[in-house]
Amino acid sequence: MKRSLLAVLVLVAVPAALAAAPQTVTAPAPVTGIAADGSRVAYATGRSATDCNRVYVWSVPESRFTKLGRKTHCEQTSTGNAIASLSLAGTRVLWLHYVGGNERDWTLWTATTSRPSPVRLRQLTTSADDPPPIVVGHGDGAAKGLLPYAIGRQVYVLRSNGSRAFAWIAPAPVTALGANAGRVVVGRADGGATILDARGRAVREVALTGPAIAAAFSTGAGAVLQRGRELVVVDAAGATRTLPFPASSRLVDAEESFALAVTANRIVRKVFLGSGAEQSLGKGSSAQLEPAHVAIRWGRTVRVAPAG
């Protein structure tokens, strides 16, 4: 950032009425996931004394909070229950929940701020030791909006109105995906990636081999990928270049000029993709990048700061 983070942050309770726009919100339970689109921030919370696994949508300019419905139980199980990931496009949220013991039931849900009762889209059961069987990708609220998810090699993309934009079969199991500016980038277990347009047509193949793609974000015409100990930056012409990336860090979001990473000691860092220079944005478990702001989660708080 060229400007420092706001020096004064207002703490508020959720979802109490707000007199002025806050820059930090304190949730009733630890924040376990975050997503952002335009002026909205969606966040998932864990267990509190009276609730669990709840999703909120914060409209930052209006200081308005919407608590989405929940159709999963709060019963304690041997291997727990939680919201594993979530995505936002416009007012629609897509989230993945798990619960179980030796086996885990994974369910994919969606709801909007105007229709907060969740609709279940998918249910799969795996061993508790297996990775999540559904990959939820970064959403894109532009135009009709795109919300991608994948099961194995099968990619599904929803519009923000809930209808299906398209389905597409990848050449290898999908490990990461994300949408932006009407494009979807699909990262795979074989180390390669494909960029799709809003109709599901492949417009670019990123021919890479090696480690599986751990994170994938569309920049519109190009993409930013995390592959092992490097970032792969794909430009509009399809040319690729790499930047070193510590194995202990996670790529959590990216735009055309810079990316956000979280280090092993939970520091959010802004990576300038042109030079590779980095800037610390402070403590955070994850973060999301939008043109007007950066949203960072830490403990029970979600903090918003200018993105410029």
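Numbering of residues begins at 1 and proceeds along the displayed sequence.
A donor-acceptor pair under 3.5 Å is formed between the side chain of Ser275 and the backbone N or O of Ala277. At least one donor-acceptor pair under 3.5 Å links the side chain of Arg153 to the backbone N or O of Ala170. Judged by distance alone, with hydrogens and angles left aside, the side-chain atoms of Arg229 form no donor-acceptor pair with the main-chain N or O of Pro246 at under 3.5 Å. Side-chain N or O atoms of Asp197 include none that pairs as donor or acceptor with a backbone N or O of Val203 at under 3.5 Å. Of the possible polar contacts, none joining the Lys283 side chain to the Gly299 backbone as a donor-acceptor pair under 3.5 Å is found. Side chain of Asp253 to backbone of Leu289: a donor-acceptor contact under 3.5 angstrom is found. Under the 3.5 Å distance criterion, the side-chain polar atoms of Arg104 are matched with a main-chain donor or acceptor of Thr79. Using modelled atom types, one side-chain atom of Ser87 and one backbone atom of Gly139 make a donor-acceptor pair closer than 3.5 Å. The backbone N or O of Gln226 sits nowhere less than 3.5 Å from a side-chain atom of Arg250 that would complete a donor-acceptor pair. Not one N or O on the side chain of Asp190 forms a donor-acceptor pair closer than 3.5 Å with the backbone of Ala172.
The heavy-atom pair separating Ile34 from Ala287 by the smallest distance is CG2-N, 4.3 Å. Contact record, Val185 with Ser218: CG1-N, 3.4 Å, taken as the closest heavy-atom pair. For the residue pair Val25 and Tyr43, the shortest heavy atom distance occurs at CG2-OH, 3.8 Å. Nearest heavy atoms, Gly46 versus Thr32: N-CG2, 3.9 Å. Leu86 and Ala44 make their closest contact through CD1-N, 4.2 Å (heavy atoms, listed as atom of the first residue, atom of the second, distance). The nearest pair of heavy atoms linking Ala198 to Ala165 is O-CB, 4.3 Å.
For the pair Arg199 and Phe166, the cation-pi criterion (under 6.0 Å, within 45° of the ring axis) is not fulfilled. With Tyr56 as the aromatic partner, Lys67 does not meet the cation-pi criteria of under 6.0 angstrom to the ring centre and within 45 degrees of the ring axis.
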Using the rule given for side-chain hydrogen bond (donor to acceptor under 3.5 Å, both in side chains), can you reason through Glu205 versus Thr194, listing the C-alpha separation, both sets of side-chain angles and the distance that settles it, and then say yes or no?
CA-CA 5 Å; Glu205 181 66 25; Thr194 306; 2.7 Å; yes

Apply salt bridge (Lys or Arg N to Asp or Glu O under 4.0 Å) to residues Glu256 and Arg183 and explain how you reach the verdict.
CA-CA 13 Å; Glu256 192 169 2; Arg183 298 286 179 91; over 6 Å; no

side-chain contact (heavy atoms from CB on, under 4.5 Å) between Arg40 and Trp58, worked out:
CA-CA 6 Å; Arg40 297 182 181 90; Trp58 174 15; over 6 Å; no

Show, in sequence, the C-alpha distance, side-chain angles and deciding distance for Leu96 and Ile83, and conclude whether the side-chain contact (heavy atoms from CB on, under 4.5 Å) test is met.
CA-CA 6 Å; Leu96 180 63; Ile83 293 173; over 6 Å; no

Would Phe258 and Val271 satisfy side-chain contact (heavy atoms from CB on, under 4.5 Å), going step by step from the backbone distance to the final call?
CA-CA 5 Å; Phe258 48 85; Val271 181; 5.8 Å; no

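In this structure, Arg266 places its CZ atom where only 12 or fewer heavy-atom neighbours from other residues, nucleotides or ligands lie under 6.0 Å away. Counting non-hydrogen atoms of neighbouring residues, nucleotides and ligands closer than 6.0 angstrom, the CG atom of Asn102 reaches no more than 12 such neighbours.
The same ILVMFWY cluster, assembled from side-chain heavy atoms under 4.5 Å apart, contains both Val60 and Phe65. There is no path of hydrophobic side-chain contacts, each under 4.5 Å, that joins Val234 to Val224. One hydrophobic cluster, built from ILVMFWY side chains closer than 4.5 Å, holds both Tyr98 and Leu124. In this structure, Ile296 is a member of the same hydrophobic cluster as Val252, with clusters built from ILVMFWY side-chain heavy atoms closer than 4.5 Å. Both Leu281 and Val262 are members of a single hydrophobic cluster when ILVMFWY side chains are connected at heavy-atom separations under 4.5 Å.
Put simply, CD1 on Ile134 and OG on Ser85 are 8.5 Å apart, with the number rounded to the nearest 0.5 Å. Rounded to the nearest 0.5 angstrom, Arg70 CZ and Cys52 SG are separated by 4.5 Å. Note that CD of Glu75 is 8.5 Å distant from CG of Asn81, once rounded to the nearest 0.5 Å. Glu290 contributes atom CD, which lies 8.0 Å from atom CG of Leu88 (distance to the nearest 0.5 angstrom). In this structure, Leu68 CG and Trp95 CH2 are separated by 5.0 Å, a value rounded to the nearest 0.5 Å. How far CG of Leu94 is from CG of Leu108: 4.5 Å, rounded to the nearest 0.5 Å.
A heavy-atom distance below 4.5 Å is not found between the side chains of Val57 and Thr91. Considering only heavy atoms from C-beta on, Val31 stays 4.5 Å or farther from Thr301 through its side chain. You'll find the side chain of Arg47 stays beyond 4.5 Å of the side chain of Pro30, heavy atoms only. Within the 4.5 Å cutoff, no side-chain heavy atoms of Phe217 are placed close to those of Glu255. Looking only at side-chain heavy atoms (C-beta outward), Val135 and Thr175 stay at 4.5 Å or farther from each other. Contact annotation: the side chain of Leu158 approaches that of Leu121 to within less than 4.5 Å [non-hydrogen atoms, C-beta and beyond]. Contact annotation: the side chain of Arg241 approaches that of Leu273 to within less than 4.5 Å [non-hydrogen atoms, C-beta and beyond]. Inter-residue side-chain proximity for Leu177 and Val157 is flagged as unmet; no heavy-atom pair is nearer than 4.5 Å.
Defined by atom type and a distance below 3.5 Å, a donor-acceptor pair is missing between the side-chain atoms of Thr242 and Arg227. Judged by distance alone, the side chains of Thr126 and Trp106 do bring a donor and an acceptor atom under 3.5 Å apart. Counted by atom type alone, Arg92 and Thr110 present one or more donor-acceptor pairs between their side chains at under 3.5 Å. For the residue pair Asn180 / His138, no side-chain donor-acceptor distance below 3.5 Å is found, with atom types taken as modelled. If you check the side chains of Asn53 and Thr72, you find no donor sitting under 3.5 Å from an acceptor. Defined by atom type and a distance below 3.5 Å, a donor-acceptor pair is missing between the side-chain atoms of Glu103 and Thr125.
Ion pairing between Asp51 and Arg54 holds under the 4.0 Å rule for side-chain N and carboxylate O.
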